[in-house]
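Have a look at the structure below, then the notes.
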Amino acid sequence: MKRQLLYLIFAMFSLCAFVACAEDNLGVEPSQPEEQPYAQNELLVKFTPQVADLLSRATATRSGAVTRSGVADLDQVMELIGTYQIERVFPVDDDSEALTRESGLHQWYVVRYGNKYTAEQVSQQLLPLGEVQNIDFNRTIKRAYHGKATPLSMDKLQRMSRVTRSETSDPLLPMQWHFVNRGDMFTSGDVVKSVKDADVQCEQAWERSMGDESVIVAVLDEGVFVEHPDLKNNIWVNPNEQKGSMKDNDGNGYAGDYNGYNFARDIGAITWDNAYDSGHGSHVAGVIAAENRNGIGGGSIAGGTPELAGVKVMVCQIFSGNMGSSSIAVARAIKYAADNGAVVLQCSWGYVSGRANEYDWGEAGFDSQEAWEAGAPLEKDALDYFTHNAGSPNGAIEGGIAIFAGGNESAPMAGYPGASDDYISVAATAADFTPAVYTNYGPGTSVSAPGGDQDYYYDYVDATHNYGEVGCILSTLPYHISESGYGYMEGTSMSCPHVSGVVALGVSYATQLRRHFKATELQQMLINTATPIDQYMTGKKFYCRYVADIGPQQPMQLNMSSYKGQMGSGQVNAAAFLAAIDGAGVAMRFPNMYVDLGANVVVAPSRYFVGGEKLTYNVTITKTDIATCSMQDGKLIFKGVKEGVTSATIKASNGETHKFNITVRKGASSNGWL
């Protein structure tokens, strides 16, 4: 790994090799580039477990960081480069610290130093040390989208509210072709740019499930307008935190994380009203979890109803205003999501495709799995932590599913990290299954989903005289961007939340069925059940490039044969995905319990029995001198009385019976699971 990273450093920055003696200098003249795509005064260093332990025991400064490691050779280099702070990347959270250490994430530190030397120069001096396992740059992470939303006018919202379809109370659902496509929206004479069911097949899926409040989707994006009337009931709330608090009330390392955390600014307050915010985070959240059938606005894939709550959106804000994000912010957000219950990671960000046109997009991004793993090791470690440790071995999903936008460079390869074998990368389609004119495709692409295509629908002008807006994705927006609270956006960053919503809907259905799946099983089922779309990759696709403030420009065309077999396995299909979940997986059982001596563990038994909310329960413990059980507000409260192990039985009022064991051990974490 060190050789791979060192090679990457030389390849990326065209530096000459040098050998320096730590007692003298770094071997080159100190210098500082004017502009780099990563921070120049800090590095992300993965130390050996032994050094990480020394750092954790070292005397901290007022900031909570240390300045030296206690290892002579390493500290000589630290002194030379002017290190003034060494801080753990991931803050200590007692509830997850054991898992953090088992995964090696506690070994990652931010090393901050003066400005005499570049990040490349410092990395070359640190890398040969035996105490260093890996090095990463704190890169600037950019949004996988650009441009602004097109607001939906108040007049249009009011007109749609008066002609709502009889089968739904969501006024804007008829305009959300990406959820329900009747094939009748985009026709003009002999020109047809809409195909019936060229959507994500929500209607049939909704017959099985409309979402479940126990399922959490972490949205890594701009902030979300958490008070939006179509979103507020489906925003995740940290039960152990206080709204508006400046303190870390639950001890997880993040102060005031009531609805998630603002990693962009390192504060608990979620922001969405910066003058430079695009509203993208709110738009994404609306696709996944706007409340359905509530009489206002539009629908969503997994937002439930006023009677049956839908999935929850955990806001992991990594962008704010015109600020780019960073490797540190992204890695922390990913781990935070796993540690706080999210099972779906919604990521409309990434790197420019490795096959993008460098004339248009500047330097291309990673072009292989090996290059990305070597060039972004912290990101890879954080994502591994999420995919392996999110969810629960006793819940509907074990592990987590990370979903990325494929990129908007019209390149024949998806961008990383999404292009990795372990995650889902989403290409974008229009309302007739054809590829959106901007979408990346080819290697690394897992599936497709509606992303909108303004240029393709430029000739459809509505009452607001905005070209092609109706061919884009309609969802929620903050009021400072759209007076109506709704508007249009496009991109693979919009196709991405359609897949996140479908995955969340599938996990919701598995939860309702009390069926258990590995995350990798559900991921493969999602890919296998996609609707084939190669039949639409024939002939040419004509469109007109639309330029803001100028209007449609000269006609252009795409050769559809280039996309055949290159749009992943097809278009994501919620109905087929949920149908595949029926009868699959393993029936959930009441779990074995792990209780600290003298402490309590609280469990909701309804999670493990089909229709469990309507049942009553009776628990029998063989050795009551070891553990006891009581019931309060539908929850079972297990108390550790004496160290030891005892068998137990829980019987539901429908006759279903589960056997389990209770282990009481002094000093246990009391997390309830073996």
Would you find a donor on one side and an acceptor on the other, under 3.5 Å apart, between the side chain of [X] and the backbone of [Y]?
{"X": "Asn234", "Y": "Gly303", "answer": "yes"}
{"X": "Gln176", "Y": "Gly299", "answer": "yes"}
{"X": "Asp367", "Y": "Arg355", "answer": "no"}
{"X": "Thr492", "Y": "Gly407", "answer": "yes"}
{"X": "Glu222", "Y": "Gly279", "answer": "yes"}
{"X": "Asn408", "Y": "Gly491", "answer": "no"}
{"X": "Thr439", "Y": "Ala428", "answer": "yes"}
{"X": "Ser508", "Y": "Asp212", "answer": "yes"}
{"X": "Thr445", "Y": "Gly568", "answer": "no"}
{"X": "Ser448", "Y": "Thr429", "answer": "no"}

### Task
Would you list the pairs meeting salt bridge (Lys or Arg N to Asp or Glu O under 4.0 Å) in which at least one residue belongs to residues 242-264, sequence neighbours left out?
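Of all non-adjacent pairs touching residues 242-264, those that pass salt bridge (Lys or Arg N to Asp or Glu O under 4.0 Å) are Glu227-Lys243.
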### Query
Is there any salt bridge (Lys or Arg N to Asp or Glu O under 4.0 Å) pair reaching into residues 329-339, and which pairs are they, with sequence neighbours excluded?
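Of all non-adjacent pairs touching residues 329-339, those that pass salt bridge (Lys or Arg N to Asp or Glu O under 4.0 Å) are Lys335-Asp339.
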### Task
Please find out if less than 6.0 Å separates the ring center of Phe225 from that of Tyr479.
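Yes; Tyr479 has its ring centre under 6.0 Å from that of Phe225.
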### Task
Determine whether the aromatic ring centres of Phe404 and Trp349 lie less than 6.0 Å apart.
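So the answer is yes for these two rings.
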Note, [X] side chain near [Y] side chain (heavy atom, < 4.5 Å):
{"X": "Ile86", "Y": "Arg112", "answer": "no"}
{"X": "Leu55", "Y": "Phe47", "answer": "yes"}
{"X": "Thr271", "Y": "Gln317", "answer": "yes"}
{"X": "Ser96", "Y": "Tyr385", "answer": "yes"}
{"X": "Tyr38", "Y": "Asn138", "answer": "no"}
{"X": "Met154", "Y": "Tyr486", "answer": "no"}
{"X": "Val313", "Y": "Leu231", "answer": "no"}
{"X": "Val437", "Y": "Asp453", "answer": "yes"}

Could you state the interatomic distance from [atom1] ([X]) to [atom2] ([Y]), rounded to the nearest 0.5 Å?
{"X": "Ile424", "Y": "Ile403", "atom1": "CD1", "atom2": "CD1", "value": "4.5 Å"}
{"X": "Gln454", "Y": "Thr150", "atom1": "CD", "atom2": "OG1", "value": "5.5 Å"}
{"X": "Ser278", "Y": "Leu477", "atom1": "OG", "atom2": "CG", "value": "8.5 Å"}
{"X": "Arg139", "Y": "Leu44", "atom1": "CZ", "atom2": "CG", "value": "8.0 Å"}
{"X": "Met413", "Y": "Phe366", "atom1": "CE", "atom2": "CZ", "value": "11.0 Å"}

### Task
Show your reasoning for whether side-chain contact (heavy atoms from CB on, under 4.5 Å) applies to Ser103 and Asn389.
CA-CA 9 Å; Ser103 304; Asn389 300 309; 3.6 Å; yes
### Query
Could you walk me through whether Asn134 and Trp108 pass the side-chain contact (heavy atoms from CB on, under 4.5 Å) check?
CA-CA 9 Å; Asn134 219 327; Trp108 279 102; 4.2 Å; yes
### Pair Gln121-Gln125, side-chain donor/acceptor within less than 3.5 Å
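Judged by distance alone, the side chains do not pair up.
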### Query
Are His228 and Ser282 close enough that a side-chain donor and a side-chain acceptor fall under 3.5 Å?
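There is no such pair between these side chains.
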Which atom names give the shortest non-hydrogen contact between [X] and [Y], and what distance separates them?
{"X": "Gly452", "Y": "Tyr438", "value": "O-OH, 2.6 Å"}
{"X": "Gly375", "Y": "Pro377", "value": "C-CD, 3.4 Å"}
{"X": "Ala356", "Y": "Ala364", "value": "O-CB, 4.4 Å"}
{"X": "Ser425", "Y": "Ala419", "value": "CB-N, 4.2 Å"}
{"X": "Gln40", "Y": "Ala119", "value": "OE1-N, 2.8 Å"}
{"X": "Ser348", "Y": "Asp221", "value": "CB-OD2, 3.9 Å"}

### Task
Show your working on side-chain contact (heavy atoms from CB on, under 4.5 Å) between Ile473 and His283 and close with a plain yes or no.
CA-CA 9 Å; Ile473 305 302; His283 205 268; 4.1 Å; yes
### Check against side-chain hydrogen bond (donor to acceptor under 3.5 Å, both in side chains), Asp230 and Asn294
CA-CA 8 Å; Asp230 232 358; Asn294 60 357; 2.7 Å; yes
### Query
Does Arg88 have any salt bridge (Lys or Arg N to Asp or Glu O under 4.0 Å) partners at least two apart in sequence or in another chain, and if so, which?
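With neighbours one apart ignored, the set is Glu97.
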### Query
Around atom CE of Met246, are there more than 12 heavy atoms of other residues, nucleotides or ligands at under 6.0 Å?
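Open.
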### Task
Taking side chain to side chain donor-acceptor pair (under 3.5 Å) as the test, write out the residues that go with Gln523, two or more places apart.
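Side chain to side chain donor-acceptor pair (under 3.5 Å) list for Gln523, sorted by chain: empty.
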### Task
Run through Leu378, Leu43, Val89 and flag the one making a side-chain contact (heavy atoms from CB on, under 4.5 Å) with Asp136.
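For Asp136, the side-chain contact (heavy atoms from CB on, under 4.5 Å) check succeeds only for Leu378.
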### Query
Got a sec, which residues hit ring pair (Phe, Tyr, Trp, His ring centres under 6.0 Å) with His178, two or more places apart in sequence or on another chain?
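In terms of ring pair (Phe, Tyr, Trp, His ring centres under 6.0 Å), with neighbours along the sequence ignored, His178 is linked to His498.
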### Residues which pass ring pair (Phe, Tyr, Trp, His ring centres under 6.0 Å) with Tyr336, listed by chain and number, not counting sequence neighbours
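Once residues adjacent in sequence are excluded, the partners of Tyr336 under the ring pair (Phe, Tyr, Trp, His ring centres under 6.0 Å) criterion are Tyr254, Phe263.
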### Steps toward side-chain contact (heavy atoms from CB on, under 4.5 Å) verdict (Trp372, Glu379)
CA-CA 9 Å; Trp372 171 68; Glu379 189 173 273; 2.8 Å; yes
